[in-house]
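This report concerns only the one structure given below.
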Protein chains: 2
Amino acid sequence: MRWNEIDRQTCSVARALSEIGDRWTLLILRDAFMRTRRFDEFAERSGAARNVVADRLEKLVEADILERRRYQTKPDRHEYRLTDKGLDLYPVIMTLIAWGDRWHDDGGGPPMRHKHGACGKRMHAVATCSACGDELDPRETTATPRDANHDYWKVT
Amino acid sequence: MRWNEIDRQTCSVARALSEIGDRWTLLILRDAFMRTRRFDEFAERSGAARNVVADRLEKLVEADILERRRYQTKPDRHEYRLTDKGLDLYPVIMTLIAWGDRWHDDGGGPPMRHKHGACGKRMHAVATCSACGDELDPRETTATPRDANHDYWKVT
DNA sequence: CACAATAAGTTTCATTTCGCAACTCATTAG
DNA sequence: CTAATGAGTTGCGAAATGAAACTTATTGTG
């Protein structure tokens, strides 16, 4: 299966990954959450080749995750901003950061410190149950397919 | 920058993505959380080519995210299971699922239903502040680098 | 005026990686 | 004796990536 057919899987992860599941795309989104907005900044900060940055930004705009907005004329120049759909990826990025901080500490602690404005404290993301608010544990949850089990992985 | 040098960035997301930030890798991890354990199942369910599956499984084992364990002899056969480090990716997968379910609904609701054993209810993942427990909002948090700002993206 | 700089890409081309099918190897089942 | 199973490996054409150079419009500088 080629990657551009991956969104034919029923699974939401597959469909999510068809939009953001690329190495450089996720790095570009990290930068977007760090207030990066311009092409050259994305290119330098992500470390991806310029043609790859151009391609990924275009795809993110098509997917309505970033918005390309003109910020000056003569000459026209554009910047990229997260849409609501893009901002909604915050939990994914923050849980990724929490995992990276936990398992890839270089000895000096997390390279970025995150402060929660509401409570004013340093924090990391914790994934919780939307029903009861407890922290999620993979051993404590069960997943059952909407339809018959064999449908889940089927490509439609 | 080549992808295999990406872990030289200071950022934890970059280092996390150097291990799991590949399209097929994330799909393979999704399957691992759905109790997939064997090579052929990973190949079929992910849809990736067999050589790619072999390569990714090997890398995940090297990264100590999956463990390759013999489950029979004559002939030796092995299965792949999530380690503690791998299980700790659950929040990432679950927030990805929540995002996919929200923004890629095909009209029939989420293809998988997740039930929280502790409270017994259907749920999705919510990312919360480890300090106060409130739901995270990208507009309500600030990130500041451990060192000077320009260090964050620097490749060491 | 001539020249350099800036921003946002595009082009070119050599190197890698992917996708697919076919093949291997050890062992058990019929 | 032959087929099936499980877990890969091999070979090869097609596609994607990485690096550097190039483009275009416009402004700033000597």
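Labels below follow one simple rule: chain letters A, B, ... track the order of the sequence lines, proteins then strands, and each chain is numbered from 1.
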- Query: Considering only side-chain heavy atoms of Pro75(B), which listed nucleotide, dT17(D), dA19(D), dT27(C), is closest?
  - Reply: dT27(C)
- Query: Going from NZ on Lys85(A) to CG on Leu66(A), what distance comes out if it is rounded to the nearest 0.5 angstrom?
  - Reply: 11.0 Å
- Task: Output yes when at least one side-chain N/O atom of Arg68(B) is less than 4.0 Å from OP1 or OP2 of dG8(D), else no.
- Result: yes
- Item | Inter-residue atom distance Asp88(B).CG - Asp137(A).CG, 0.5 Å rounding | 10.0 Å
- Task: Starting from P on dA7(C), measure out to CD on Glu44(A) and report it in whole angstrom.
- Result: 11 Å
- Message: Classify Tyr80(B) by what it touches in the nucleic acid, base, sugar-phosphate, or nothing, heavy-atom distance under 4.0 Å.
- Response: sugar-phosphate
- Within the structure, does a side-chain N or O atom of Arg56(A) lie under 4.0 Å from either OP1 or OP2 of dT17(D)? yes
- Message: With nearest nucleotide decided by heavy atoms, which residue, Gly47(A) or Arg50(B), maps closer to the 5′ end of DNA chain D?
- Response: Arg50(B)
- Atom CG of Asp22(B) and atom C1' of dG19(C) are separated, to the nearest Å, by 14 Å
- Message: With a 3.5 Å cut-off and heavy atoms only, can you find an N or O donor on one side and an acceptor on the other between the side chain of Arg77(A) and the base of dA8(C)?
- Response: no
- Query: Atom OH of Tyr71(B) and atom C1' of dA7(D): how far apart are they, to the nearest Å?
  - Reply: 8 Å
- Locate the shortest heavy-atom distance separating Arg45(A) from Arg30(A); write the atom from each residue and the value. O-NH2, 3.3 Å
- Message: With a 4.0 Å limit, can you tell me whether Trp24(B) has a side-chain N or O closer than that to the phosphate oxygens OP1/OP2 of dC18(C)?
- Response: no
- Query: Out of curiosity, Tyr152(A) OH to Asp31(B) CG, how far, rounded to the nearest 0.5 Å?
  - Reply: 7.5 Å
- Query: Which whole-number value in Å describes the distance from Asp55(A) CG to dA19(D) C1'?
  - Reply: 17 Å
- Message: Just the rounded figure in Å: distance from C1' of dT6(C) to CZ of Arg37(A).
- Response: 20 Å
- Task: Rounded to the nearest angstrom, tell me the gap between atom CZ in Arg38(B) and atom C1' in dG6(D).
- Result: 8 Å
- Message: Counting Watson-Crick and G-U wobble pairs with both distances under 3.5 Å, what is the dot-bracket string for DNA chain C, 5' to 3', using [ ] for crossing pairs and | for pairs to another strand?
- Response: ||||||||||||||||||||||||||||||
- SB check Glu5(B) Arg2(B) (cutoff 4.0 Å): yes
- Could you check how far CD of Glu58(A) sits from C1' of dA8(C), rounded to whole Å? 13 Å
- Task: Answer yes or no: is there a donor N or O on one side and an acceptor on the other, between the side chain of Thr141(B) and the main chain of His114(A), under 3.5 Å?
- Result: no
- Is the side chain of Arg68(B) donor-acceptor paired with the backbone N or O of Val61(B) at a distance under 3.5 Å, no angle test? no
- Task: Check every strand shown and say whether Arg2(B) touches a base, only sugar-phosphate, or nothing at a heavy-atom separation below 4.0 Å.
- Result: sugar-phosphate
- So what does Asn51(B) touch, heavy atoms closer than 4.0 Å: a base, only the sugar-phosphate, or nothing? base
- Query: At under 4.0 Å between heavy atoms, what does Arg70(B) touch on the DNA or RNA strands: base, sugar-phosphate, or nothing?
  - Reply: nothing
- Item | Pairwise 5' ranking along DNA chain C for Asp76(B) and Phe39(A), keeping only the more 5' one | Phe39(A)
- Ser12(B) and Asp101(A) side chains, donor-acceptor separation under 3.5 Å: yes
- Can you tell me how far P of dG8(D) sits from CG of Leu60(B), to the nearest Å? 13 Å
